[in-house]
Amino acid sequence: MGYENRIWCGTIGAKYVNQKVELFGWVNRVRDMGGILFVDLRDRSGIIQLVVDQKKVSNFDDLAGLSNEDVIRVVGVVRQRPRDKINTRLPTGEYEVDVERIDILSKSDPLPFAINEEDYKEISTDESLRLRYRFLDLRRPRMFRNLYFRHKFIKKIRDFLDENGFIEVETPILSKPTPEGARDFLVPSRLQPGKFYALPQSPQLYKQILMVSGIDRYFQIAKCLRDEDLRADRQPEFTQLDLEMSFIDQEDIFNLIENLLKEVLLSTMGIELQTPFPRISYKIAMEEYLSDKPDLRFPYPIKRFDTQKVPINNENLRGEVYYLFIPFILNRKEIDNLYNKGYKFLYLIREGENYKGTLLKYIQVEKMNELVENREVYTVLLTFDQPRDKLDEIKRILIDRKVLLPACSFYFLWVKDFPLFKLEEDGKISSEHHPFTNVHPEDKDYLYELYNEFRLSVNFSDIVPKLLNIKSLAYDLVLNGVEVGSGSIRITDPELQKMIFHIIGLTDEEANSKFGFLLNSFRYGVPPHGGIALGLDRIISILLMTNSIRDVIAFPKTQSGSCLLTNSPSEVDRNQLLELGINTVPLAQ
RNA sequence: GGGGACGUAGUUCAGCCCGGUCAGAACGUUGGCCUGUCACGCCAAAGGUCGCGGGUUCAAAUCCCGUCGUCCCCGCCA
C-alpha cells in the first residue's frame, strides 16, 4: 500500500503544494457543511485538513457516515489555503488536501471517551477508563509524544554509552530470590517442582559478575521487578539504565552520568545542563534540608533562629525556633492557604522600606535585615515550640504549589557518603544500600576497630550507634527532589565482605547459599568496580512534567497492580497449577 | 496493613450538607438542514437500577453500615 508513496499528515508543507499525495490515518473530526466536508485526518505525526467536495469526489455519498476514528486512505492534491482560511492553531494550518478519493479501510464504533480533546488541556478522562482502552488513549498526540520522547531519550543513552566503550548485555529475567530488599516476584519451576525462580529486582549481581568477566563497561536498559505497593512514581515493573564500570572511582561515575545526561538532554530537549552537578554529603543533606533528596531548585535551607542575634519580644516564645528565608514576597493568598491548613507560624515581609507581617511587632527589623544579609525584598516564616519538620512541610507545600520554584527547571544533585548501615525496626542492622557497598575510605579503619568490638560482643548496644555513623561509597542522583538514581563502589576485598555479612547477621553458610556464586567469582581476580542505576520512568516523567510515571509507560498497572487492558492478574486453569505442583490456599486474614 | 478523595446518561460533571418536581447540563451518538469550516452552526430524538449489597424512613442519588473499583498519601520500596 503506502510504504513508499505515503506521506505523514504532519509533514505536509510547502514542498508538497500542488502535488498529488497519498495519506493514511484516523478521522480526528468531521465538519459537514452539506455539499462539502472538512475532515481532520490524524496520524502520529499530526493533523491535516482534508477538503471533500461533493463535485470532485466520486464516492461522496459513501462518506456520509464518516465518523471519528475511522481509518481511511486518502488521495488528493495538497493546496495552499486561501490567506483568510489559514488555521494558525495547526502546524499544517497553511495547507489542506483537496481530496480526489477517500476509502474507508475500517469503521470505528462510537468512542467510550473523547480522544480529540484540545491537546494543551489536562486529560479529563477517568484514568481507569483510559487504561481499559489504552489503545485509544495512546492515540492522543500527547501520549504519543511521551512514548516518542522516551524512545529518543533511551536511544541517545545507548548511543552515548556505545561511544564511550560500554556494551549492553542482557541478564536473566528468571533469576534467584534475594534475601533482603524488596519482596520478590516468584515464578514456579515446572521441571523442578517445589522450586522457584525470582524475577530480578535489579541485575545487581549479574553486572558485578560481568566485571569479573572483564566486560569492563557494562550497561543495560533493564526491566526491574519489585512486589511492593504502588505510587504515582512506583510501578511493580519499571525500567532502569543499569551500568557498571571497572577500574574507576566514585568521581568517574559522577562524571560519566553528568556527561551522559548533559548530552542526552541537549539533544532531546535542547536543555543545557550545568556540570558538574552539585555534590553534598548525606549528613549535610539531612541537617540542612531534612531530606536525603533535597529539592535545590529552592536553595534556601530551614535554619535555626538565633534569638541572641535577633531578639523576639513575645512572651509565648519557647522551644526551638526555626525560620525559612524566601528571597521574594509571599502573597497574602499563599499565607492564608497555610493558615487554613492549620499551620502555626509568624511571618515578616520586607518590600523596600515597607514591613508587614505577624512577626513585625516582636522584633527589630534592622537585626532581622542583618540576619538575611540586608536583602531589600524578602519573606521570613518563623516557627517555635514545634518540630522543625513542620516548617519543612510548609516549604514542601509552597514548592508543590510552585510558589518557590521557577515554572520549568531541572536540578540534578549528587548526594554522597550515605551511611553503610541502617537500623531496622526490629533492632537489626542491615545495609543502607546493599551488602556489596564499599566502606568510605575515611571510615575503613574505624569499621575494623568496631568490628573487633562487635565480634567480642562487649557492649552491643554501645556499638550499634557507632556503626550507623560509618560512611559508605554509596550515592544517589536526585532530580528536583526525587531520587532518580542510586549506586555505589563495590566491595572486592573478601575479608571486608565477610565482615559486612557478619554485621548484618548473615552467617558464612547463608552468605554462601545466597551469594556464593558472586563471592566465588571474586576469588579468580576481581577488578575494583562500581556502578549506578537510573530510574528512567521517573526521569522521563519529571522531564515531561507528567503527573505520574504511568503517563510515560505504554501499559502501566493500577495502584492495586491490575492491568485493566488485559485484566491481569487473573486466575489460571487448574491444570496449569497441577502441572506446577501448586495449590492455592485461602490467605489468613 | 492504615489514612484521605472520588464513583450519577457513552464521556465530563451539577444535584448529595438541608431526604419529597432531582433524573439535569454540556459534549458525544442517531436523524434532518447547510459549499469555507476548523470546539462549524441550526432543528429534532434516543440515552441513566445514581458502582454493588444491606439498613434507617411513609419516602433514599441524598442519611448510616458494608463491599468493589480508581486515584493520592503513610507503612513498604536494600
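No experiment lies behind these values; they were computed from the predicted model shown. Residue numbering restarts at 1 for every chain, and letters A, B, ... go by the order of the sequence lines.
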*Of A:V99, A:L50, A:L63, which is the lone residue that meets side-chain contact (heavy atoms from CB on, under 4.5 Å) with A:I72?*
A:L50
*Between B:rC27 and B:rC74, how far is it from one P atom to the other, in whole Å?*
41 Å
*Pairwise 5' ranking along RNA chain B for A:H434 and A:G561, keeping only the more 5' one*: A:G561
*asked:* To the nearest 0.5 Å, what is the distance between CD1 on A:I553 and CE on A:M143?
replied: 10.0 Å
_P-based separation of B:rU30 from B:rU37 [nearest Å]_ = 24 Å
_Other residues, nucleotides, ligands: >12 heavy atoms within 6.0 Å of A:K428 NZ_ = no
*Going by the angle between their ring planes, with limits at 30° and 60°, are A:F501 and A:F515 parallel, tilted or perpendicular?*
parallel
_Earlier contact from the 5' end, RNA chain B, for A:G181 and A:D233_ = A:D233
_Just to be sure I understand the rule, does A:R550 reach a base, reach only the sugar-phosphate, or reach nothing, if contact means heavy atoms closer than 4.0 Å?_
sugar-phosphate
*Distance check: side-chain N/O of A:S67 vs OP1/OP2 of B:rU29, anything under 4.0 Å?*
no
*Does A:N68 make a side-chain donor-acceptor contact with the base of B:rG28, cut-off 3.5 Å?*
no
*Is A:L37 touching bases, backbone alone, or none of the nucleic acid, heavy atoms closer than 4.0 Å?*
nothing
*With no hydrogens and no angle check, is any side-chain donor or acceptor of A:E510 less than 3.5 Å from a backbone partner on A:T507?*
yes
*asked:* What's A:E117 touching, base or sugar-phosphate or nothing? Going by heavy atoms closer than 4.0 Å.
replied: nothing
*Looking only at atom types and distance, does a side-chain atom of A:R29 sit under 3.5 Å from a main-chain N or O of A:N116, one as donor and one as acceptor?*
yes
*Apply the side-chain contact (heavy atoms from CB on, under 4.5 Å) test between A:L23 and each candidate in A:D43, A:V75, A:V74; give the one that qualifies.*
A:V74
*Quote, to the nearest angstrom, the P distance that separates B:rG36 from B:rA44.*
23 Å
*Watson-Crick or G-U counterpart of B:rU37, or none if no pair lies under 3.5 Å*: none
*Is atom CD of A:E122 surrounded by more than 12 heavy atoms (other residues, nucleotides or ligands) closer than 6.0 Å?*
no
*Would the number of heavy atoms belonging to other residues, nucleotides or ligands and lying under 6.0 Å from CZ of A:R132 be above 12?*
no
Detail all sub-3.5 Å separations between protein N/O atoms and N/O atoms belonging to nucleotides 3-9 of chain B.
none

_Phosphate OP1/OP2 of B:rA78: any A:R226 side-chain N/O under 4.0 Å_ = yes
*Send over the distance from A:E69 CD to B:rU29 P, rounded to a whole Å.*
11 Å
*Looking only at atom P, what distance separates B:rA60 and B:rG51, rounded to whole Å?*
15 Å
*asked:* Side chain of A:T558, heavy atoms from C-beta onward: which of B:rU70, B:rC73, B:rA78 has the nearest atom to it?
replied: B:rU70
_Interatomic distance where CG belongs to A:L111 and P belongs to B:rG47 [whole Å]_ = 22 Å
*Run the numbers on A:D53 and A:K55 for salt bridge (charged side-chain N to carboxylate O under 4.0 Å, His left out), then give the verdict.*
CA-CA 5 Å; A:D53 192 326; A:K55 287 183 296 208; 5.1 Å; no
*asked:* Any donor-acceptor pair under 3.5 Å linking the side-chain atoms of A:D476 with those of A:S486?
replied: yes
*Could you run down nucleotides 35-41 of chain B 5' to 3' and tag each one B, S or - for protein heavy-atom contact under 4.0 Å?*
BBBBSB-
*For A:D229, which contact category applies under a 4.0 Å heavy-atom criterion: base, sugar-phosphate, or nothing?*
base
*asked:* Taking atom CH2 as the centre, does A:W414 end up with more than 12 heavy-atom neighbours from other residues, nucleotides or ligands that are less than 6.0 angstrom away?
replied: yes
*Report yes if a donor N or O on one partner sits less than 3.5 Å from an acceptor N or O on the other, where the partners are the side chain of A:R234 and the base of B:rC77; otherwise report no.*
yes
*Could you tell me whether A:K283 atom NZ has more than 12 heavy atoms of other residues or ligands within 6.0 Å of it?*
no
*Return the value, rounded to whole Å, for the distance between atom CG of A:N547 and atom C1' of B:rU70.*
15 Å
_Starting the side chain at C-beta, find the nucleotide from B:rC73, B:rG1, B:rU11 nearest to A:F113._
B:rU11
*asked:* Distance check, C1' atoms only: B:rG31 and B:rC73, in whole angstrom units.
replied: 50 Å
*With heavy atoms under 4.0 Å as the rule, sort A:S202 into base, sugar-phosphate or nothing.*
base
*May I have the distance from A:L230 (atom CG) to B:rG69 (atom C1'), rounded to whole angstrom?*
15 Å
*Nearest whole angstrom, please: distance from the C1' of B:rU29 to the CG of A:D70.*
14 Å
*Name the nucleic acid region contacted by A:Q559, choosing base, sugar-phosphate or nothing; use a 4.0 angstrom heavy-atom cut-off, strictly under.*
base
*asked:* Checking base pairs now: Watson-Crick or wobble, both atom distances under 3.5 Å. What partners B:rU30?
replied: B:rA44
_Whole-angstrom distance between B:rA78 and B:rG3, as gauged at atom C1'_ = 27 Å
_Using atom P in both nucleotides, what's the gap between B:rC71 and B:rG54 to the nearest angstrom?_
28 Å
*Could you work out the separation of B:rC18 and B:rG10 based on their C1' atoms and round it to a whole Å?*
33 Å
*asked:* Please classify the nucleic acid contact of A:S430 as base, sugar-phosphate, or nothing, using heavy-atom distances under 4.0 Å.
replied: nothing
*Give the rounded distance in Å between these two atoms: CD of A:E228 and P of B:rC73.*
16 Å
*Complementary nucleotide of B:rU70, counting Watson-Crick and G-U pairs under 3.5 Å*: B:rA5
*Separation of A:E432 atom CD from B:rC77 atom C1', in whole Å?*
12 Å
*What's the CG-P distance between A:L564 and B:rG69, to the nearest Å?*
10 Å
*Ring center gap for A:H502 and A:Y451 short of 6.0 angstrom*: yes
*Is the A:Y206-A:Y218 ring centre distance short of 6.0 angstrom?*
no
*Pairing nucleotide - B:rC77, Watson-Crick or G-U, each distance under 3.5 Å*: none
List, with names and distances, any nitrogen or oxygen atoms from the protein found under 3.5 Å away from nitrogen or oxygen atoms belonging to nucleotides 25-27 of chain B.
none

*Paired nucleotide for B:rU21 [Watson-Crick or G-U wobble; both distances under 3.5 Å]*: none
*N or O in side chain of A:R231 less than 4.0 angstrom from B:rC74 OP1/OP2*: yes
